[in-house]
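These notes are about the structure you will find just below.
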Amino acid sequence: MAKKKRLRLIAEMARKIRAYRELKSRPRESQKYALDYETMRRPLTGKMLPVLAWQDVRRESRLFSLLAGMRLFGVGRMFTRKSWLEDHPEPSYWQITKIKVDYTAENMDHGRAWGTLTYKGKQESEVKEVEKVMYHDWRLIPKDMEQQFRDFQPLPEPPVRYAPYPPLLRAMLLAQRGKAGGSAVTEEPALPLKRDVVLNKDYFRRQEQERQRKEGTAV
């Protein structure tokens, strides 16, 4: 018969107390992402922001800086980022569904947010946590433009016309090209998946003439 494990109540209570103290001693969002705007350093870690980000820090806003001044902390509203607007012609935005505010922050402008992401016109069905809320490039989408962002229809992806060669055949083709050209070959060999050939009488006649030319005329 197996020996019954004795429950150590004091050790279990001590473990829970240590875990609770570690949880309480963790820096809050307002402490982790606090920023000295004169020196561009984070007081908690002493790290300086990249120089390329200084202009956006002075001109743009963080996500929670926008949410803090809105009704219901912006739940249901749509937000995009400056970098998305500059890099992608397709609409990319977050629709906020849940907010967890750090109430210890002076202006309640720190915390965590969740929502649904639409990136390059393709919407994800899963609700997940919003990333990079501390970046200074968030923008609120006006209500009169929300429907314009939603109505965007992404273009269908082009069909795959080429496939990579198998490794051994690819190495043989590259070696053959190197011998023929005598210089480094940078173009990657690809196998076409479709042949654009019109199968008419002229095509088969040319194929027959080419075959006879190679084999020679029978005596």
Kindly indicate, with the supporting measurements, whether the criterion side chain to side chain contact (heavy atoms under 4.5 Å, CB included) is fulfilled by Arg71 and Arg77. CA-CA 10 Å; Arg71 181 174 176 268; Arg77 297 299 301 273; over 6 Å; no

Answer yes or no: are there more than 12 heavy-atom neighbours, outside Tyr20 itself, under 6.0 Å from its atom OH? no

Testing the basics here: between Tyr37 and Val57, what is the closest heavy-atom pair and its distance to 0.1 Å? CE2-CG1, 3.5 Å

Within a radius of less than 6.0 Å around CD of Glu131, do more than 12 heavy atoms belonging to other residues, nucleotides or ligands occur? no

Nearest heavy atoms of Trp138 and Leu63, plus distance in Å: CD1-N, 3.5 Å

Are the charged groups of Glu208 and Arg211 less than 4.0 angstrom apart, N to O? yes

Going hydrophobic residue to hydrophobic residue with side-chain gaps under 4.5 angstrom, can you get from Leu117 over to Leu140? yes

Go through it in stages, so that I can follow the logic: the residues are Gln176 and Met172, the test is side chain to side chain contact (heavy atoms under 4.5 Å, CB included), and I'd like the CA-CA distance, side-chain angles, deciding distance and then a yes or no. CA-CA 6 Å; Gln176 186 177 1; Met172 294 172 61; over 6 Å; no

Side-chain donor-acceptor pairs under 3.5 Å in residues 87-94, sequence neighbours left out?
unit_1: His88; atom_1: NE2; unit_2: Tyr119; atom_2: OH; d: 3.0
unit_1: Ser92; atom_1: OG; unit_2: Lys120; atom_2: N; d: 2.9

Is the number of heavy atoms from other residues, nucleotides or ligands within 6.0 Å of CE (Met108) greater than 12? no

What is the minimum heavy-atom distance between Ala34 and Pro43, and which atoms define it? O-CD, 3.2 Å

Which atom names give the shortest non-hydrogen contact between Gly111 and Val133, and what distance separates them? O-CG2, 4.1 Å

If I compare all heavy atoms of Arg42 with all of Tyr33, which pair ends up nearest, and what's the gap? NH1-O, 2.8 Å

Is there a side-chain contact between Phe64 and Ile99 (heavy atoms, below 4.5 Å)? yes

Give a yes or no on this: more than 12 heavy atoms of other residues, nucleotides or ligands lie within 6.0 Å of atom OH of Tyr165. yes

Is it the case that the side chain of Arg139 and the backbone of Thr80 share a donor-acceptor pair, with hydrogens and angles ignored and the cut-off at 3.5 Å? no

Hey, mind stepping through Lys98 and Arg112 against side chain to side chain contact (heavy atoms under 4.5 Å, CB included) and telling me if it holds? CA-CA 9 Å; Lys98 178 184 174 183; Arg112 301 168 65 186; over 6 Å; no

Under 4.5 Å between side-chain heavy atoms, hopping through other hydrophobics if needed: is there a path connecting Val51 to Met40? yes

Go through the structure and list residues passing side chain to side chain contact (heavy atoms under 4.5 Å, CB included) with Arg41, not counting sequence neighbours. Thr39, Met48

Specify the closest pair of heavy atoms between Leu173 and Pro189, including all atoms of both residues, with the distance to one decimal. CD1-CB, 4.2 Å

Does the Arg62 side chain pair with the main chain of Asp109, one donor and one acceptor, at a distance under 3.5 Å? yes

Assess whether side chain to side chain contact (heavy atoms under 4.5 Å, CB included) is satisfied between Arg59 and Lys82, documenting all intermediate values. CA-CA 11 Å; Arg59 294 184 179 181; Lys82 174 190 172 185; over 6 Å; no

Show, in sequence, the C-alpha distance, side-chain angles and deciding distance for Glu146 and Lys143, and conclude whether the salt bridge (charged side-chain N to carboxylate O under 4.0 Å, His left out) test is met. CA-CA 5 Å; Glu146 288 184 354; Lys143 278 202 169 183; over 6 Å; no

For residues Ile96 and Phe149: do they belong to one hydrophobic cluster (side chain heavy atoms under 4.5 Å, members Ile, Leu, Val, Met, Phe, Trp, Tyr)? no

Heavy atoms from other residues, nucleotides or ligands near OH of Tyr162 exceed 12 (cutoff 6.0 Å): no

Under the rule for side chain to side chain contact (heavy atoms under 4.5 Å, CB included), what residues qualify as partners of Val127, not counting sequence neighbours? Thr97, Trp114, Thr116

Phe79 and Trp84: same hydrophobic cluster, using ILVMFWY side-chain contacts below 4.5 Å? yes

Look at the side-chain heavy atoms of Ile, Leu, Val, Met, Phe, Trp and Tyr, link any pair under 4.5 Å apart, and say whether Leu67 and Tyr103 land in one connected group. yes

